[in-house]
Asker: 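Before I ask anything, let me first share the structure, which is written out below as structure tokens.
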Amino acid sequence: MTLDKNFDPAAIEARWYNHWETSGQFRPDRDDAEPFTIVNPPPNVTGSLHIGHALDNTLQDIIIRHERMKGKDALWVVGMDHAGIATQMVVERQMNERGEKRTDYSREDFVEKVWEWKEESGGAITGQLRRLGCSMDWSNERFTMDDGMNEAVLKVFVDLYNDGLIYRDKRLVNWDPALKTAISDLEVETRDVKGGFWHFKYPLADGVTLDNGQDYIEVATTRPETMLADMAVAVHPDDERYKSVIGKKIEQPITGRRFKIVADEHADPELGSGAVKITPGHDFNDFEVGKRAGFAAGDMLNMFDGEANVCQTADGLIPDEYIGLHRFKRDGVDGARELVVQRMKELGFLIPHVTKSKDGETVEHDAEPRTIATPYGDRGGVVIEPWLTDQWYVDAKTLAQPAIEAVKSGAIEIVPKTWEKTYFNWMENIQPWCVSRQLWWGHRIPAWFGPSKEAAINDNQKAIASTLLGEAIFVGSNEDEIRRNAANFYNIDPSEVNFAQEEGETGISGQGNYVLRRDPDVLDTWFSSALWPFATLGWPEETKDLSRHYPNDLLISGFDILFFWDARMAMQGIQFMKDVPWKRLYLHGLVRAEDGSKMSKSKGNVVDPLGLIDQYGADALRFFMAAMESQGRDIKMDDKRVEGYRNFATKLWNAARFCEANGIGASKTLAAPDAVLPVNRWIISEVVETLASLDKALGDLRFDAAANTIYHFTWDRFCDWYLELIKPLLQGDDEAAANETRTVSGWVLDQIIVMLHPFMPFITEELWHSMATETGGREYDLIVAKWPEPKAAVDTQAKAEVDWLIRLISAVRAAKVELNIPPGTKMTAHIRDGDSALQKRIERQSAALDRVGRLESLSFDPAPEGATAQLVIDDATYVLPLAGAIDVDAEKARLNKALEASQKEAKSLNGRLSNPNFVEKAKPEAVEKARADLADKEAEAERLQAALARLG
RNA sequence: GGGCGUAUAGCUCAGUGGUAGAGCACUUCGUUGACAUCGAAGGGGUCGGGAGUUCAACUCUCUCUACGCCCACCA
């Protein structure tokens with residue numbers, strides 16, 4: 001095969017990917033090998049590849065390819081997340097565009113539609129992951145709602161329930177009135193919003209007054225509309241202003257509701273008037289105050305429906321004009337907030353906020369302007385309403401304890417370590433996890449309730465079952481009564497009650513003759529993805545994969561899902577597997593836009609990774625991600641840099657072309673070939689060192705260091721020096737030298753291709769197969785090739801020689817530029833102070849010195865009279881006679897510059913060494929090194945001075 | 001209010017207790033058959049300010065300033 005002149009990524013990427021996948025090489029059979037496991041964070045089923053996925057998956061692929069090449073049974077589990085809210089929203093939005101809505105469909109039909117959508121577009125991202133080159137185990141692709149996951153979710157729910165770790169509770173939840181579902185604390189984001197702070201008079205009832213005679217208490221609020229459900233006013237127990245009225249009553253002006261003034265330390269005397277109105281049904285603080293004041297959750301007044309429109313409270317005291325109003329102004333229409341303020345003002349209970357205008361006149365405002373930290377639903381985008389509902393909660397506090405311990409003990413290593421604090425802080429302050437969602441798309445909760453949910457909780461008229469019992473089940477034996485109850489309580493058509501159910505199947509006994517109806521709610525998406533590290537391996541079955549691949553070795557995720565996903569995996573994994581889900585947790589940052597801002601669709605600054613792949617190739621994008629991934633830092637997008645790595649790929653391509661053209665083929669051995677020539681021994685040493693630092697970097701999860709290591713070896717060492725230095729050997733008369741060089745260079749190129757493969761899988765696989773072999777082809781593909789094992793030591797002698805060679809050639813080139821000598825000019829050199837070892841070096845390297853250094857002869861004879869350039873390298877001075885007119889001043893300046901540099905360093909070293917404190921207290925090695933360096937620098941300066949003297 | 005992070009060359013970023021590096025950009029030179037998606041040689045930084053520890057600090061400690069992120073019930 002002859003390599004094309006130009007490297008075209010698009011031409012090879014799809015071909016190799018298909019080949020790898022169809023030949024099953026993403027997970028070769030290696031039952032005897034040591035397992036290595038990563039699970040991929042399942043992307044949302046409706047998602048498409050964004051730049052963050054490109055980072056996340058590139059890092060994982062680098063690790064998994066590396067481990068696979070090291071011979072391990074490397075498994076990278078892949079799958080999709082059903083993404084409850086997100087996916088349901090997508091389908092609903094599509095329906096809205098067609099003028100339909102979800103409720104036009106039955107639940108079954110709607111879910112069917114979501115499945116259709118999932119089938120249609122759900123796989124988009126998997127195709128995109130393939131374009132990125134990700135070597136996942138597609139043969140076992142999973143979905144958080146496939147049969148196996150469903151079974152796992154069911155078991156987890158039931159087991160947690162039986163252990164008392166899942167329970168049902170009535171308390172305030174974060175209610176999203178747009179999506180009409182409860183959401184967890186994590187799904188709430190606080191935004192600073194401009195709002196108002198209204199001050200009101202709350203009149204004291206029954207003729208009571210404060211000690212100062214005032215007949216009202218001033219309260220202030222940012223949410224005036226909730227006063228329709230106020231149930232108390234709280235003051236601090238020690239607040240002298242109010243002590244006398246504690247226990248007395250307020251009569252709320254609008255509702256006429258009479259309620260108590262209670263003492264509670266929540267009220268801060270320093271803030272405002274020191275008195276605060278209490279709405280236990282619509283504020284998290286007030287809920288707690290209300291509980292302390294003796295209100296049962298069930299008695300707390302609720303004034304909103306699920307869409308945050310005002311509804312009548314249980315006591316019926318909200319005036320009719322408010323019923324049905326939205327909580328606040330929406331689409332230009334005033335809501336309950338505006339009306340409450342207006343009425344309070346009309347009634348004389350609003351205390352205006354007074355400011356002074358520029359002319360010194362006083363101006364009255366209804367409210368004091370304020371910035372308010374307002375909770376928003378991260379999906380629905382509307383203000384969250386704390387709402388009193390029955391929901392399922394996971395006792396996260398109990399589950400968190402061993403997960404905290406696992407990190408403390410080192411069973412889980414978090415990389416970078418700085419994230420530990422964040423993890424601990426969250427875990428130690430964890431709140432009950434609300435896992436029920438009022439959605440249709442997701443894992444239906446396996447609970448069946450009796451005639452009233454309240455009764456179900458109190459009287460145990462509920463079933464929690466791990467078998468799917470259907471929508472409604474009966475309890476009892478009187479069929480007619482059961483049918484009647486079904487109709488009365490649930491509006492269930494009596495004919496729909498399924499009497500085929502076996503006695504006792506529900507796990508409850510009873511003669512109540514009632515119907516249990518299945519909980520309509522579904523589970524939080526993260527409830528199922530928390531099981532990913534073991535459920536994808538077959539749990540609850542005791543599979544071979546499960547025993548071999550759990551715990552996973554590593555999890556790579558963005559820090560943005562540390563709480564959502566990683567922490568929950570830690571909790572569930574330890575709870576159900578009695579072991580950590582993964583040994584290491586690597587957290588990477590965000591990929592930001594070029595200006596450092598967060599990418600978002602609304603800002604229109606998202607970068608499409610597929611566009612970058614089209615432009616520069618997947619290998620270049622991957623290498624960019626790796627090279628930029630330093631621990632604990634976000635990555636700023638930089639197209640120029642991606643371009644640079646495309647250039648790197650081209651560079652490698654051309655190096656391979658050079659090899660091909662010079663009869664250099666694939667390596668014949670895994671171990672480094674034997675070599676006599678210093679340049680070959682040197683490059684083998686460079687491979688040994690590169691491999692060591694590459695392995696170290698990958699082991700430490702330093703992707704940037706790993707990428708830079710292989711980059712610089714390939715470009716600087718191999719291309720810029722080695723290939724140049726061997727050109728004369730390949731084309732020279734010494735057949736043995738040429739053969740050795742061909743063998744070594746073929747071996748080195750192979751090592752590069754292998755070491756680079758995890759980063760740039762496509763071009764390396766292509767080159768792997770392009771290099772000539774004796775048998776006409778490779779025995780195996782690069783993806784399963786063996787990671788290098790040079791079995792060679794670093795050859796210090798060869799390193800010293802080539803190092804000298806490089807310095808000499810570089811010095812000649814630099815001198816030419818400074819003295820305005822055309823770079824191609826052939827020079828001769830006369831050596832002063834050279835010894836026989838140097839003479840031998842020069843003999844060995846004469847071809848390279850001639851061809852690469854343009855030094856056609858080096859002699860130990862004195863230089864002829866006339867202008868010269870002089871180079872001081874190590875112990876010798878190289879005197880280069882200059883033909884024709886030469887600018888002596890330029891050469892003097894050049895030498896002086898070098899001299900100054902030497903002297904400066906010598907002076908600094910001398911200063912240090914003449915400080916007795918340094919000599920006495922510093923480490924002996926440091927003193928030793930300083931002495932040696934000083935001697936070198938002084939000798940160098942002397943030679944430079946001598947050279948200057950010779951110039952006259 | 002807590003917690004974390006970041007401030008190093010024009011830009012984007014590495015970095016180590018012993019007087020600083022990469023990529024891009026910039027300057028000069030270069031069409032010798034791998035590569036102009038290139039080569040050669042360069043210029044450019046008092047490593048955010050201040051204090052301390054140390055023989056020695058860009059690197060450790062404290063503090064200040066600026067920016068960013070996360071968590072938190074301030075009515």
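Just so it is clear: chains get the letters A, B, ... in the order the sequence lines come, proteins before strands, and each one is counted from 1.
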Asker: Does the side chain of A/E265 pick up a donor-acceptor pair with the side chain of A/H236 at under 3.5 Å?
Answerer: no
Asker: Residues in side-chain hydrogen bond (donor to acceptor under 3.5 Å, both in side chains) with A/K923, at least two apart?
Answerer: none
Asker: State yes or no: are the ring centers of A/Y645 and A/Y711 separated by less than 6.0 Å?
Answerer: yes
Asker: Taking only the side-chain nitrogens and oxygens of A/K651, find out if one of them lies under 4.0 Å from OP1 or OP2 of B/rA34.
Answerer: no
Asker: Between A/D933 and A/K937, does any side-chain N to carboxylate O distance fall below 4.0 Å?
Answerer: no
Asker: Quick one: label A/R702 by what it contacts on the DNA or RNA (base, sugar-phosphate, nothing), any heavy atom closer than 4.0 Å.
Answerer: sugar-phosphate
Asker: Let's test your reading of the model: under 3.5 Å, does the base of B/rC4 pair with the side chain of A/K421 as donor and acceptor?
Answerer: no
Asker: Is B/rA66 paired to anything, Watson-Crick or G-U wobble with both distances less than 3.5 Å, and if yes, which nucleotide?
Answerer: B/rU6
Asker: Within the structure, does a side-chain N or O atom of A/K727 lie under 4.0 Å from either OP1 or OP2 of B/rG33?
Answerer: no
Asker: Protein-nucleotides 66-75 of chain B N/O pairs closer than 3.5 Å?
Answerer:
residue : atom : partner : partner atom : Å
B/rC73  : O2'  : A/N285  : ND2          : 2.7
B/rC73  : N1   : A/N285  : OD1          : 3.1
B/rC73  : O2   : A/N285  : OD1          : 2.6
B/rC73  : O2   : A/N285  : ND2          : 3.1
B/rA75  : OP2  : A/R370  : NH1          : 3.2
B/rA75  : O2'  : A/A220  : O            : 3.3
B/rA75  : N6   : A/D268  : O            : 2.8
B/rA75  : N6   : A/L271  : O            : 2.5
B/rA75  : N1   : A/D268  : N            : 3.1

Asker: Please state how far atom CZ in A/R717 lies from atom C1' in B/rA22, giving the value in whole angstrom units.
Answerer: 14 Å
Asker: Report the distance from atom CD of A/E928 to atom C1' of B/rG18, rounded to the nearest whole Å.
Answerer: 15 Å
Asker: Is the shortest side-chain N to carboxylate O distance from A/D704 to A/R702 below 4.0 Å?
Answerer: yes
Asker: Is the phosphate of B/rA7 approached by A/R633 (side-chain N or O, under 4.0 Å from OP1 or OP2)?
Answerer: yes
Asker: Using the closest heavy atom to pick a nucleotide of RNA chain B for each, name whichever of A/E594 or A/K640 lands nearer the 5' end.
Answerer: A/E594
Asker: When rounded to the nearest Å, what value does the distance between P atoms of B/rG50 and B/rU59 take?
Answerer: 12 Å
Asker: Hey, are A/T709 and A/K696 close enough side-chain-wise for a donor-acceptor pair under 3.5 Å?
Answerer: no
Asker: Below 3.5 Å between N/O atoms, which protein atoms pair up with nucleotides 55-62 of chain B? Just atom names and distances, please.
Answerer:
residue : atom : partner : partner atom : Å
B/rC55  : OP1  : A/K921  : NZ           : 2.7
B/rC55  : O2'  : A/N915  : ND2          : 3.0

Asker: More than 12 heavy atoms of other residues, nucleotides or ligands under 6.0 Å from CD of A/E594: is that the case?
Answerer: yes
Asker: When you compare the side chains of A/E428 and A/Y423, does any donor N or O come within less than 3.5 Å of an acceptor on the partner?
Answerer: no
Asker: Reckon A/N647 has a side-chain N or O less than 4.0 Å from the OP1 or OP2 of B/rC38?
Answerer: yes
Asker: Does A/K194 NZ have over 12 foreign heavy atoms under 6.0 Å away?
Answerer: no
